[in-house]
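Below is one structure, written out as C-alpha cells; comments come after it.
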Amino acid sequence: MLNHEMQTRDIVSMIFYIRGKKVMLDNDLASIYNVETKVLNQAVKRNQKRFPGDFIFQLTQEEWVSLRSQIVTLKNLPGKQKGHNRRGIHRKFLPYVFTEHGALMLASVLNSEEAINASIFVVRAFIKLREFIEINRDLAKKIEELERTLGVHDENIQLIFETIRQLIEKKNEPREPVGFKNGKR
C-alpha cells in the first residue's frame with residue numbers, strides 16, 4: 001500500500017468534474033477499495049436506497065467519450081499503473097460515477113476493514129481538491145484586484161506622459177525674468 005501523501009495525490013488524480021460535480025469512476029473506486037468493479041456495482045444495486053441521485057449516476061455516452069479522452073491524457077494509459085487495473089476504459093456498459101458522499105457510502109456497503117481504511121484516503125483526496133480549488137479562487141481574486149489597480153496606474157502614467165509631451169511640444173516663448181526688480185531698466 002502506498003504512503004498516505006502519495007495515495008491521497010493518486011486519488012485526487014481520479015476525481016473528475018461531470019455535470020458540475022466532483023466524481024470518481026466506479027472502476028477507480030473498486031481499485032481503491034480492492035474489489036472488482038462488478039462486485040462494487042452489485043453492492044450498490046443491493047443497497048439502492050443508500051445511493052440517491054446526488055450520490056451516484058450513470059454517465060451518458062457523450063460524457064464517457066469525453067472523460068475517456070481526459071483519462072488517456074492524464075493517466076498515460078494503457079496498461080496497469082501502480083497496480084491499478086485500467087481495463088475499465090474499454091467497457092461494455094457505461095460507467096457509474098460517485099460523488100464524495102457516494103464514495104463514502106460505498107465503504108459502509110462494502111463493509112470490509114480495507115474499504116473503511118481506503119475511505120479515509122478518499123475523504124482526504126476530496127478535501128485536498130477542495131483546498132486546491134479555494135486557493136486558486138483566492139489567487140484569481142488577487143490577480144483581478146491587481147489588474148484593476150494596474151489599470152488605474154496605467155491611466156495615471158498615460159496622463160503624466162501626455163502632460164510631459166505637451167510641455168516638450170510647447171514653444172519656448174520669451175518670459176519675463178524672475179527675480180528682484182529695482183525699478184531701473
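What's counted below: heavy atoms across the whole structure, side chains too, no hydrogens, waters or symmetry copies. For clarity, every value in this text was computed on a predicted model and none was experimentally measured.
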Atom [atom1] of [X] and atom [atom2] of [Y]: how far apart are they, to the nearest 0.5 Å?
X      : Y      : atom1 : atom2 : answer
Met105 : Thr99  : CE    : OG1   : 9.5 Å
Leu25  : Arg68  : CG    : CZ    : 11.5 Å
Glu62  : Leu67  : CD    : CG    : 13.0 Å
Arg19  : Asp54  : CZ    : CG    : 12.5 Å
Asn34  : Leu110 : CG    : CG    : 10.5 Å

Quiz prompt | Verdict with supporting geometry, Phe98 and Leu106, side chain to side chain contact (heavy atoms under 4.5 Å, CB included) | solution = CA-CA 9 Å; Phe98 294 80; Leu106 276 174; 3.9 Å; yes
Quiz item: Listed by chain and number, what are the salt bridge (Lys or Arg N to Asp or Glu O under 4.0 Å) partners of Arg50, not counting sequence neighbours?
Solution: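 Per chain and number, Arg50 pairs via salt bridge (Lys or Arg N to Asp or Glu O under 4.0 Å) with no residue.
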Do [X] side-chain atoms and [Y] backbone N/O form a donor-acceptor pair below 3.5 Å?
X     : Y      : result
Gln58 : Leu94  : yes
Asp26 : Thr37  : no
Tyr33 : Ala103 : yes

Quiz prompt | Check against side chain to side chain contact (heavy atoms under 4.5 Å, CB included), Phe57 and Lys21 | solution = CA-CA 11 Å; Phe57 56 89; Lys21 298 177 188 244; 4.2 Å; yes
Exercise. Using a 4.5 Å cut-off on heavy atoms from C-beta on, say whether the side chain of Ile15 contacts that of Val23.
Key: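 Side chain of Val23 against side chain of Ile15, heavy atoms only: no contact under 4.5 Å found.
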Exercise. Give the minimum heavy-atom separation between Pro95 and Trp64, together with the two atoms involved.
Key: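 The pair with the smallest heavy-atom distance is CG-CE3, 3.4 Å.
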Quiz item: Considering residues at least two apart in sequence or located in another chain, which fulfil the ring pair (Phe, Tyr, Trp, His ring centres under 6.0 Å) criterion with Phe55?
Solution: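 Once residues adjacent in sequence are excluded, the partners of Phe55 under the ring pair (Phe, Tyr, Trp, His ring centres under 6.0 Å) criterion are His101.
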Quiz item: Stepwise, does the side chain to side chain contact (heavy atoms under 4.5 Å, CB included) test hold for Phe16 with Met24?
Solution: CA-CA 6 Å; Phe16 300 96; Met24 294 182 73; over 6 Å; no
Practice problem: Please report the C-alpha distance between Leu40 and Leu29 in whole Å, then the side-chain angles of each, then the deciding distance to 0.1 Å, and finally whether the side chain to side chain contact (heavy atoms under 4.5 Å, CB included) criterion is met. | Solution: CA-CA 8 Å; Leu40 181 141; Leu29 284 164; 4.1 Å; yes
